[in-house]
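The block underneath contains the structure these notes are about, expressed in structure tokens.
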Number of protein chains: 2
Amino acid sequence: MTVAHHHLSNLQASDSDSTAANSTAAHSTDHALNHVIIEFYEKLSSWEHAIVRDKGFSLSQVHTIELLGVHGAMRMKELADKIGVTTGTLTVQIDKMVEALWVVRRPHETDRRSILVELTDKGQTLFLEHDALHLQLTTDLTAKMSCEERVVLVNLLSRMNNEF
Amino acid sequence: MTVAHHHLSNLQASDSDSTAANSTAAHSTDHALNHVIIEFYEKLSSWEHAIVRDKGFSLSQVHTIELLGVHGAMRMKELADKIGVTTGTLTVQIDKMVEALWVVRRPHETDRRSILVELTDKGQTLFLEHDALHLQLTTDLTAKMSCEERVVLVNLLSRMNNEF
DNA sequence: TCATGTATTTTGATTTTCAAACTATAATCC
DNA sequence: GGATTATAGTTTGAAAATCAAAATACATGA
């Protein structure tokens, strides 16, 4: 078996060509952007793993708390889609979280098939604690940025979020 | 059980205050930044889940291929830390991936305790296919951005990556 | 009304994961 | 150098997470 030696490390952004906006430059920027996004995702992912391990939760549980904390009450199906598991898996997961008093189930107002899951006060507290860790990370990661740069970053990231 | 109704949806970035760079403004920008990052992470995460399900891989396996594709050969320990699992877990995972001919193990040049894992040609091909999907997503997400904005985004994200 | 589609739960099997014990090598300290 | 301690990786057995498929209940539309 031959082995591939090619890899993509050390792709660094150059901010010197922001005026050369032809299509070739755009293409290479897309590649660079793709790889910094992947790297950012990977690093956030392993940071989250480490945090979660320390606290004794599972990654999915924290993800659930994060989603409910950020978006508010949600239907099982919605939540399952966002987390990326089947509803069957989510049912047993939510069972445990209900038992731990982090979330409650309540009926959907208009659709009697649906069930809304929402954080309890205890769950909300947990979310806020986790959110504070995230905020600390965010602050650390952007410590060397100017306020203007941070504002630009919020703008660009939220525009990406809206395109999903 | 009382239920918490507070949540944090609809936090949107405003790019109108980039000149008001006092400390209070910086603080609220950090909060906004934190939440767009969390949302971005969540959305990427469920996108990756969906992709992975379709292809019949596990999320961890794709993560491994992604890491090896981006960073090149790595020691088991390094890889386990980046993925966020124990080395015991990684051993069985890599066993399967070796069997599938996606990766090979080879001895570390200087440390005889260590083992390097690296992509085979087949694994490299898989990585490139997955990377192409990521690139397509990146392109879609930034379709409405100017070239300058994309360059700025690469710059800001890679600076965050360097602070991890 | 009846057929089809959607939301959730349950079940049993499979897969993933961990912690702990074990082997082998490296580094450190007398 | 030789003993001790630390690190890298594997194995093992048990616990946890996950899935697919079946079952139930409700919704939607012909």
For nucleotides 8-21 of chain C, read 5' to 3', which letter fits each nucleotide if B means a protein heavy atom sits under 4.0 Å from the base, S means only the sugar-phosphate is that close, and - means neither? BBB-----SBBS--

Between [X] ([atom1]) and [N] ([atom2]), how many Å, whole number?
X: A/M97; N: D/dA16; atom1: CE; atom2: P; answer: 16 Å
X: A/R112; N: C/dT6; atom1: CZ; atom2: C1'; answer: 15 Å
X: A/D81; N: C/dT6; atom1: CG; atom2: C1'; answer: 12 Å
X: A/H108; N: C/dT6; atom1: NE2; atom2: P; answer: 16 Å

Between A/R159 and A/E163, is there a side-chain N and carboxylate O pair less than 4.0 Å apart?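 Judged by the 4.0 Å cut-off on N to carboxylate O distance, A/R159 and A/E163 do not form a salt bridge.
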
Is any NZ, NE, NH1 or NH2 atom of the basic residue among A/K82 and A/E78 found under 4.0 Å from an Asp or Glu carboxylate oxygen of the other?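 Result for this pair is no, no salt bridge flagged.
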
So, do [X] and [Y] sit near enough that their side-chain heavy atoms are less than 4.5 Å apart?
X: A/W102; Y: A/Q61; answer: yes
X: A/E42; Y: B/H71; answer: yes
X: B/R75; Y: B/D111; answer: no

Within a radius of less than 6.0 Å around CD of A/E109, do more than 12 heavy atoms belonging to other residues, nucleotides or ligands occur?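 More than 12 heavy atoms, drawn from other residues, nucleotides or ligands, come within 6.0 Å of this atom.
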
For the helix from C/dT1-D/dA30 to C/dC30-D/dG1, what angle separates the axis at the start from the axis at the finish, each from five pairs, in steps of 10°?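 The two end axes of the helix from C/dT1-D/dA30 to C/dC30-D/dG1 meet at 40°.
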
Ring-ring centroid check A/Y41 B/W47, cutoff 6.0 Å: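 Ring centres of B/W47 and A/Y41 not closer than 6.0 Å.
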
Checking side-chain hydrogen bond (donor to acceptor under 3.5 Å, both in side chains) for the pair B/H134/B/E48: CA distance, chi angles, key distance, verdict? CA-CA 9 Å; B/H134 264 288; B/E48 191 98 325; 2.9 Å; yes

